[in-house]
> 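Below you'll find the structure I mean.
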Amino acid sequence: MEKSAPSTPARTRFAPSPTGWLHIGGARTALFSFLLARQTGGQFILRIEDTDRTRYVPESEADIMEGLRWLGIEWDEGPDKGGPYGPYRQSERKALYRKYAELLVEKGHAFYCFCSKERLERLRRRARAEGRPFRYDGHCRRIPPEEARRRVEAGEPHVIRFKAPREGSITVVDRIRGPITVQNRDIDDFILLKSDGYPTYHLAVVVDDHLMDVTHVMRGEEWLSTFPLHVHLYRAFGWPEPEWIHLSLFLKPTGKGKISKRDSEWLKEKGYAGVFVHDLREAGYLPEAVVNWIALMGWSYDDRTEFFTLEDLIEKFSLDRLKPAPAAVNFDKLNHFNGLHIRALPPEELARRLVPFFHKAGYPQVTEQDLLPIVPLIQERIHTLTDGPELAGFFFEEDITHTPEAFETFLVKHKKVKLDLPTAYQALQVVYQRLEQVDPWTPENLEATLRALSEELGLKSRKLFSAVRVAVTGRGVSPPLFETMALLGKERTLRWMKKGLETLAQMVATEG
RNA sequence: GCCCCCAUCGUCUAAGUGGUUAGGACACGGGCCUUUCAAGCCCGCGGUCGGGGUUCAAGUCCCCGUGGGGGCACCA
């Protein structure tokens, strides 16, 4: 195994707030963080940022963990498995944040604020009316420390705000974009500790990333605008900064606006799989394909390689090849990758993964063993696991129905077939008789028999085989004919074909 | 409105520090193969947002526009 330049182990983290299901944007952030940690022999942490009680969705934490594990993104430390830097749920670290917020007050970098929501709302309205962005007016900055402390101890409701510098500028460095300079006057006196005693994201993320020895902070670009504030916080605490990596956002398939949880509904209505990881899983996408797909949005390896396994990515991922521009998600490409990964699966493995999809599709008795002989017939024909039962479910039917439309569409009208009903009927009657004689009932014998018949009847194999296909399976699209018939068995094949012939006979009769 | 980020085919992207006909993938169109559908193979369509500079040379560097995105909460 060749080695690249030795890099120090990175400690990274994925820090979702449990307010909703794991979506593809979060999955990519987690993936890249995970890749960096694995690649450098470091640790990947899962931390739950549940500091907003009002938006908390109890099931989302489990959904996030399930989604990550399904994708193969396993964490080394987290709320369910502990670790030396725990606890890993911010609600369980509550006391910590107050301590650090007060440390900042002592150092003169933060102050107690007693402003009411009403006053703040007034300020906000005025700012809006005057066409300027809302900034805290510094009202409580003027309260003498002793007085503030007294009021706090007396139990007066309050928050702790950061005392943002009013002059000068700060230059912060994003790994993808390089240096970014902003004027300090554009940075607000952000609230660090809310009146309910919980920290805001700004405080919690800084405190925890520092306490947990996080070396690389990867997050979405939506944090870019508060990034300078976070750097100010590190400096105020006197802590060394981690590397900052703001991943560009995912845009809707239309390229208009960032993709969000709210888009899930209409995307599904339009036939897209959806934005949540569990949606993709249910829709029959392989975790391998999802990983491959999201990895290639905002990152690339070279000018031609596109197929990657998780292992490949661990080896080849590089921060230097991250892109700052946002990417519109392309579900066609996901389908493509899914096909690729389905075909790359060992047949037994594909059979195993197909089982639940057959169960869900109404074939609850199907086992992996049952699927083993079928998989070779469908592996290169399906794009999602849900296509499996669609294409091969009939192997588990005792009986089927033939529709006149099937004969119409796939024999008469099909541009490659163009076979009229009377001819088809006549030929199929001969076929039926000849099939009764076939023994043993193998694909080879069936093919030999039907090819001979095609010659004998003066009917192109394409026409004859299509007629047989529709007569036997009731459908115009199926796995390869001879294998299909062999798998169906002689009894079912002949019985179904007889039914097909009856339907066809009626059609011929009424057509007159 | 203010602040910040971004800008190569319809979409995802390549073209390390400026130097061939701007390459690949998805999608789309056509063809080959063929037993339907796929898969595979071949061909085609299609792009450096606009304008100024710098330079012998600009997709690449600078400026201005334009367009897109994000943020402007006691949400993350």
Side-chain angles (χ1 to χ4, degrees), chain A residues 15-19 49-52 54-55 113 115 117 120 124 127-128 130-135 157-161 174 176-177 180-183 185-188 190-196 198 200-202 204-205 219-228 246 248-249 251 253-258 293 296-307 320-321 323-337 339 343 378-383 387 391 410 414 416-417 447 450-451 454 460-466 468-470 473 475-482:
Chain A
S17 67
T19 54
E49 309 223 330
D50 55 345
T51 56
D52 183 355
T54 63
R55 295 200 312 155
C113 173
C115 292
K117 298 205 172 170
L120 261 18
R124 218 184 312 275
R128 187 193 196 85
E130 291 169 14
R132 53 184 171 80
F134 170 72
R135 291 280 111 89
H158 64 279
V159 300
I160 295 179
R161 285 181 184 272
D174 173 70
I176 302 178
R177 282 157 266 259
I180 297 166
T181 301
V182 299
Q183 299 304 312
R185 81 176 89 89
D186 290 324
I187 300 172
D188 199 8
F190 278 94
I191 290 174
L192 302 177
L193 199 75
K194 303 185 253 183
S195 57
D196 63 2
Y198 278 86
T200 58
Y201 171 84
H202 311 299
V205 88
R219 68 219 307 199
E221 195 187 337
E222 67 266 29
W223 294 111
L224 202 59
S225 56
T226 45
F227 168 31
H246 294 91
S248 58
L249 268 13
L251 270 26
T254 54
K256 293 268 173 211
K258 90 165 169 174
W293 180 54
L296 254 24
M297 283 188 275
W299 179 83
S300 62
Y301 178 63
D302 61 15
D303 62 339
R304 51 196 67 252
T305 317
E306 288 212 315
F307 186 91
D320 297 330
R321 298 198 63 94
K323 234 181 108 106
V329 298
N330 182 348
F331 287 100
D332 284 332
K333 196 122 185 180
L334 172 60
N335 286 334
H336 168 71
F337 279 126
R343 278 173 258 135
I378 64 172
Q379 186 155 19
E380 63 183 30
R381 275 166 246 274
I382 58 177
H383 280 97
D387 291 341
L391 187 61
F410 295 104
H414 190 108
K416 287 177 169 177
V417 180
E447 174 159 15
L450 288 173
R451 286 209 186 274
S454 145
K460 281 238 194 285
S461 51
R462 169 169 307 196
K463 293 178 190 267
L464 213 223
F465 296 173
S466 290
V468 176
R469 169 175 289 106
V470 180
T473 66
R475 29 164 74 207
V477 175
S478 82
L481 223 212
F482 316 120

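A, B, ... follow the sequence lines: proteins, then strands. Residue 1 opens every chain.
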> Indicate, with a heavy-atom threshold strictly under 4.0 Å, whether A:Arg321 touches base, sugar-phosphate, or nothing.
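Sugar-phosphate, backbone atoms only, no base.
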
> For A:Glu306 and A:Leu296, work out which heavy atoms get closest and say how close.
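Heavy atoms only, the tightest pair is O-CD2, 3.4 Å.
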
> Relative to the 5' end of RNA chain B, which residue comes earlier, A:Val417 or A:Glu306, by the nucleotide with the nearest heavy atom?
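Result: A:Glu306.
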
> Identify, with sequence neighbours excluded, every residue that meets ring pair (Phe, Tyr, Trp, His ring centres under 6.0 Å) alongside A:Tyr201.
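Testing A:Tyr201 for ring pair (Phe, Tyr, Trp, His ring centres under 6.0 Å), a comparison that skips the adjacent residues, returns A:Trp223, A:His230.
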
> Classify A:Gly220 by what it touches in the nucleic acid, base, sugar-phosphate, or nothing, heavy-atom distance under 4.0 Å.
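Touches nothing.
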
> Which value, in whole Å, describes the distance between the C1' atoms of nucleotides B:G44 and B:C2?
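To the nearest whole Å, 49 Å.
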
> Tell me what A:Arg475 touches on the nucleic acid: a base, only sugar-phosphate, or nothing, going by heavy atoms under 4.0 Å.
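Here A:Arg475 touches no strand at all.
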
> What contact category does A:Asn330 fall into here, base, sugar-phosphate, or nothing, at under 4.0 angstrom with non-hydrogen atoms?
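Answer is base: heavy atoms of A:Asn330 come under 4.0 Å of a base.
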
> With nearest nucleotide decided by heavy atoms, which residue, A:Arg462 or A:Arg132, maps closer to the 5′ end of RNA chain B?
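The residue whose closest nucleotide sits nearer the 5' end is A:Arg132.
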
> Rounded to whole angstrom, note down the C1' distance from B:A14 over to B:A73.
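One C1' to the other, the span is 41 Å.
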
> With a non-hydrogen cut-off below 4.0 angstrom, is A:Val182 in contact with a base, only sugar-phosphate, or nothing?
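Sugar-phosphate, backbone atoms only, no base.
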
> Determine which nucleotide pairs with B:G19, using a 3.5 Å limit on both distances of a Watson-Crick or G-U wobble pair.
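By the stated definition (distances under 3.5 Å), B:C56 pairs with B:G19.
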
> Going from CG on A:Asp50 to CZ on A:Arg55, what distance comes out if it is rounded to the nearest 0.5 angstrom?
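Interatomic distance, A:Asp50 CG to A:Arg55 CZ, rounded to 0.5 Å: 12.0 Å.
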
> Can you tell me how far apart CZ (A:Phe227) and CZ (A:Arg219) are? Round to the nearest 0.5 Å.
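Reported to 0.5 Å precision, the distance equals 7.5 Å.
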
> Mind checking if A:Leu334 touches a base, just sugar-phosphate, or nothing, with heavy atoms under 4.0 Å?
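No contact at all - A:Leu334 keeps every heavy atom at 4.0 Å or more from the nucleic acid.
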
> Students often get this wrong, so: under 4.0 angstrom with heavy atoms, is A:Arg128 touching a base, only sugar-phosphate, or nothing?
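It contacts nothing in the nucleic acid.
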
> Students often get this wrong, so: under 4.0 angstrom with heavy atoms, is A:Gly339 touching a base, only sugar-phosphate, or nothing?
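Nothing, no heavy atom under 4.0 Å.
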
> NA contact type, A:Phe410, heavy-atom cut-off 4.0 Å: base, sugar-phosphate, or nothing?
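Nothing, no nucleic acid heavy atom in range.
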
> Tell me the closest heavy-atom pair linking A:Ser195 and A:Val159, and the distance in Å.
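For A:Ser195 versus A:Val159, the nearest heavy atoms are N-CG1, 3.6 Å.
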
> Give me the atom names and distance for the closest heavy-atom approach of A:Glu49 to A:Pro18.
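Residues A:Glu49 and A:Pro18, closest heavy atoms: O-CD, 3.5 Å.
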
> Tell me what A:Thr19 touches on the nucleic acid: a base, only sugar-phosphate, or nothing, going by heavy atoms under 4.0 Å.
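Contact class for A:Thr19: none.
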
> Mind checking if A:Pro324 touches a base, just sugar-phosphate, or nothing, with heavy atoms under 4.0 Å?
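Sugar-phosphate: the residue A:Pro324, judged by heavy atoms under 4.0 Å, touches backbone atoms but no base.
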
> I want to know whether A:Phe482 and A:Phe465 have ring centres closer than 6.0 Å.
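Yes - the distance between ring centres of A:Phe482 and A:Phe465 falls below the 6.0 Å cut-off.
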
> By the 4.0 Å heavy-atom rule, please label A:His246 as base, sugar-phosphate, or nothing.
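The residue A:His246 makes no contact with any strand.
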
> Rounding to an integer number of angstrom, what distance separates B:G47 and B:G31 when you compare their P atoms?
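So the two P atoms sit 24 Å from each other.
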
> Which nucleotide of RNA chain B is the first, and which the last, in the 5' to 3' direction, to come under 4.0 Å of a heavy atom belonging to chain A?
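Under 4.0 Å from chain A, the extent on RNA chain B is B:G1 to B:A76.
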
> When all nucleic acid strands are considered with a 4.0 Å heavy-atom cut-off, which category describes A:Thr51: base, sugar-phosphate, or nothing?
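The answer is sugar-phosphate, as A:Thr51 gets under 4.0 Å only of primed atoms, P, OP1 or OP2.
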
> Could you check whether A:Leu481 gets within reach of a base, just the sugar-phosphate, or nothing at all, counting any heavy atom under 4.0 Å?
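Result for A:Leu481 = base.
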
